[in-house]
Amino acid sequence: MLLSAMTKLAAMQGLLSVCIPFMAIRSVTAQYVANTDALIIKEIEHLYFDAAPAGILSAITPCSNYYQPSTGASNNSLGMSTVAEWIRTAFHDFVTANIYSDTGGLDASIGFETTRAENVGPAFNDSLTFFSYFINHMVSMSDLIALGTVMAVGACGGPHIEMRGGRIDATEAGPTGVPEPETDISDTLTDFGNAGFNGDDGITLTACGHTMGGVHHSTFPQAVPASAVSSTNLDGRIVFDETVAVFDIGTVTDYVEGTGDKGGPLVTTSNKTVNSDYRLYNSDSNATITRLASSASYFAGQCSAIFQRMIETVPPNVVFTTAVDPTTTTNLRPYGIALNINWAGNMTLTGNFRYIQISGASAAPSTLAITLINRAGKTTTTTVSSAISSSDTGTGIWGPTHSYAFTLSFPASVGLSGLAAAGQNWTFQDTMFAVPALSSISPTLPTFAANPSLNTLSTYTVNTTVAYLTSSPPSSLTATYAIPMAQAGTVSPYMDTSTTATLALIGKTTGGFALYSAVTKHSLSAKQAYGTSVDVAVAGQAAALQFYKPFNPNQ
């Protein structure tokens, strides 16, 4: 069942213990199921914290930007806003949840629902098309929709919202129930109530969602006149407030004080059948909206809490990871780890440490000492001092990020069980791992960018080599590929796991490891290739190697 209230939580405790591989179960309340999956968290951290030139932040930098999926470039003559589209997509996906029939919630079903009158406009396919470049076996489309809201708010002056992974995507359309500008106040409050949000919640969520962006003549001509259209505003947008690209209290204070844009066109429109924001804000005699206008800090806190509830209103077969938050875990993490072995029995570990200079944190150190922890749990004398890499330094929504590249070499006989740096330890395993130095891909993939140019199909030949630490090597291993594939009715891909391959034993061992290899051919677009991963297992056993990216092995 879909959970949305403390009274329902106790009745559902039996369901909360059920686990599903990679993803898991979540309540809509403030109580959480601890089911940390390091692989999901690692992927979300990369998208969330790093500021790669072609990453998620590229679409909303600056916050006034509109990313046009058909070209893969900005088009700011339309008067459109990507940050506003991302928030609107999350709202429309979530609000059709029904806590009484246990349906709906944030599950990416919006992709199947874009032809409905309640979902008019390009925002949903715009958002899902952009997010589809980042989907893989660990990060679902619904996780990306949630992350889009978190990043849109956090990058544009708003508060931090807790981000957890583990959402599971719908495979078909969900129920209807998105309030429209013409929807009367009784039905609007019923729609919010069905989703587990009372009247105060609905007012708060709407006010927070309408602090950026506006209403467009092209989408809602009944609310915005044609006179709004101009050469620099081809879509005919009338904004919600004067600071259209900043998450702030402006739209609320404008409404309460009768200044500026007075809350936007859904308040001020002369067509009273579509002044839905006015009807909603006034439904409790303006009590909630007046409280929201009392201070910027109060408004930000209420928005953070209500958005978190929105993105955590999910179907019942979801268990969330713990929150991805460098202020509550650590602002230093290893990433981009690759382990190699050669025929002489020597191993090399390469990778990076990411330091996030969160508010109040010390400046990034100029060097970082990194120590190997061997298979027996002992630290070795193999220590390197890594300097900040200027080529991999940027700014995410939590602050500047700095990268420390490192290389550690050691005998395969001592192996690897972890790394130590700055007084902290991180655990790894070397039981089974892909060997990038003995693997290959042909032809070389084009440079990643969220751009239609990645959609061209090519035939890729992939040589995947895996090392397995065993005294009794089996004759083969089984590889299972997870590949993003197009699905009918939505621009969101689904992850197909029907492709498998047999990795044959090469014939000799090195340093206690047996080596296995397979050469496979895949007809894929570069976009699919970047989202492809492989799990490798001994027949009849769970995968010992999970989520190896053959087309992007160091990410």
Side-chain angles (χ1 to χ4, degrees), residues 1-4 20-28 32-33 35 37 39-41 43-48 56 85-99 102-114 119 123-153 161-175 177-178 195-196 205 209 307-324 482 484-487 489-496 531:
M1 292 192 229
L2 180 74
L3 308 183
S4 66
I20 297 174
F22 304 124
M23 321 262 185
I25 300 182
R26 238 308 280 171
S27 125
V28 191
Y32 300 106
V33 178
N35 183 46
D37 187 317
L39 293 172
I40 297 175
I41 290 174
E43 282 298 292
I44 292 177
E45 283 180 341
H46 170 63
L47 297 171
Y48 194 8
I56 285 182
E85 287 191 330
W86 289 2
I87 294 171
R88 185 171 182 236
T89 297
F91 173 77
H92 279 241
D93 195 30
F94 131 84
V95 77
T96 57
N98 190 305
I99 64 172
D102 301 315
T103 54
L106 197 77
D107 59 3
S109 65
I110 184 68
F112 298 97
E113 300 158 5
T114 58
N119 296 322
F124 316 110
N125 283 333
D126 279 358
S127 302
L128 299 180
T129 297
F130 180 78
F131 293 148
S132 67
Y133 289 93
F134 303 94
I135 194 170
N136 58 44
H137 205 27
M138 290 298 136
V139 181
S140 64
M141 179 58 79
S142 41
D143 275 342
L144 290 164
I145 293 171
L147 185 61
T149 294
V150 170
M151 295 188 76
V153 174
I161 303 164
E162 282 196 340
M163 175 65 201
R164 306 170 194 273
R167 292 166 188 79
I168 299 173
D169 291 342
T171 57
E172 60 185 2
V178 180
L205 184 57
F307 275 141
Q308 186 182 351
R309 284 181 57 196
M310 175 180 75
I311 65 175
E312 292 188 354
T313 299
V314 295
N317 55 337
V318 173
V319 175
F320 282 118
T321 68
T322 52
V324 180
M485 302 288 288
Q487 58 181 330
T490 177
V491 299
S492 299
Y494 76 99
M495 297 307 299
D496 180 86

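This is a predicted model, so every value here is computed, not measured.
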Gap between atom CZ of Phe124 and atom CD of Glu113 - 0.5 Å precision: 9.5 Å

Close side-chain approach of Glu43 and His137, heavy atoms under 4.5 Å: no

Pairwise distance CE(Met310) to CD1(Ile145) - rounded to 0.5 angstrom: 10.0 Å

Approximate separation, where rounding is to 0.5 Å, of Arg88 CZ and Ile110 CD1: 8.5 Å

Worked check of side-chain contact (heavy atoms from CB on, under 4.5 Å) between Tyr133 and Ile56: CA-CA 9 Å; Tyr133 289 93; Ile56 285 182; over 6 Å; no

Check: Ser109 and Asp93 side chains under 4.5 Å, non-hydrogen atoms: yes

Heavy-atom pair of closest approach, residues Glu162 and Glu312: O-OE2, 4.4 Å

Trace of the side-chain contact (heavy atoms from CB on, under 4.5 Å) decision for Ile41 with Val324: CA-CA 7 Å; Ile41 290 174; Val324 180; 4.2 Å; yes

Taking every non-hydrogen atom, the tightest pair across Pro493 and Ser132: CD-CB, 3.7 Å

Backbone of Gly177 reached by a side-chain donor or acceptor of Thr96 within 3.5 Å: no

4.5 Å side-chain heavy-atom contact, Leu47 and Phe134: yes

Separation of Met163 CE from Tyr48 OH (nearest 0.5 Å): 8.0 Å

Distance-only polar pair, side chains of Ser142 and Asp169, donor-acceptor under 3.5 Å: yes

Pairwise side-chain contact, Val150 with Ile161, heavy-atom cut-off 4.5 Å (strictly under): yes

Worked check of side-chain contact (heavy atoms from CB on, under 4.5 Å) between Phe307 and Val153: CA-CA 9 Å; Phe307 275 141; Val153 174; 3.9 Å; yes

Closest heavy-atom pair and its distance - Ile168, Asn317: CD1-O, 2.7 Å

With Thr89 via side-chain hydrogen bond (donor to acceptor under 3.5 Å, both in side chains) - residues at least two apart: Ser127

All side-chain contact (heavy atoms from CB on, under 4.5 Å) counterparts of Val491, not counting sequence neighbours: Asn125, Leu128, Thr129

Donor-acceptor contact below 3.5 Å, side chain Ser140 vs main chain Arg167: yes

Gln487 CD to Asp496 CG distance, which is reported to the nearest 0.5 Å: 11.0 Å

Smallest separation among heavy atoms of Gly209 and Ile87, with atom names: CA-CG2, 4.1 Å

Straight-line distance of Leu144 CG to Met151 CE, nearest 0.5 Å: 10.5 Å

Where Trp86 and Thr149 come nearest, the two heavy atoms and their spacing: O-OG1, 3.8 Å

Donor-acceptor under 3.5 Å (Asp143 side chain, Gly166 main chain): yes

Ala486 versus Tyr494, closest heavy-atom pair with distance: O-CE2, 3.5 Å

Stepwise side-chain contact (heavy atoms from CB on, under 4.5 Å) test for Met141 and Met495: CA-CA 10 Å; Met141 179 58 79; Met495 297 307 299; over 6 Å; no

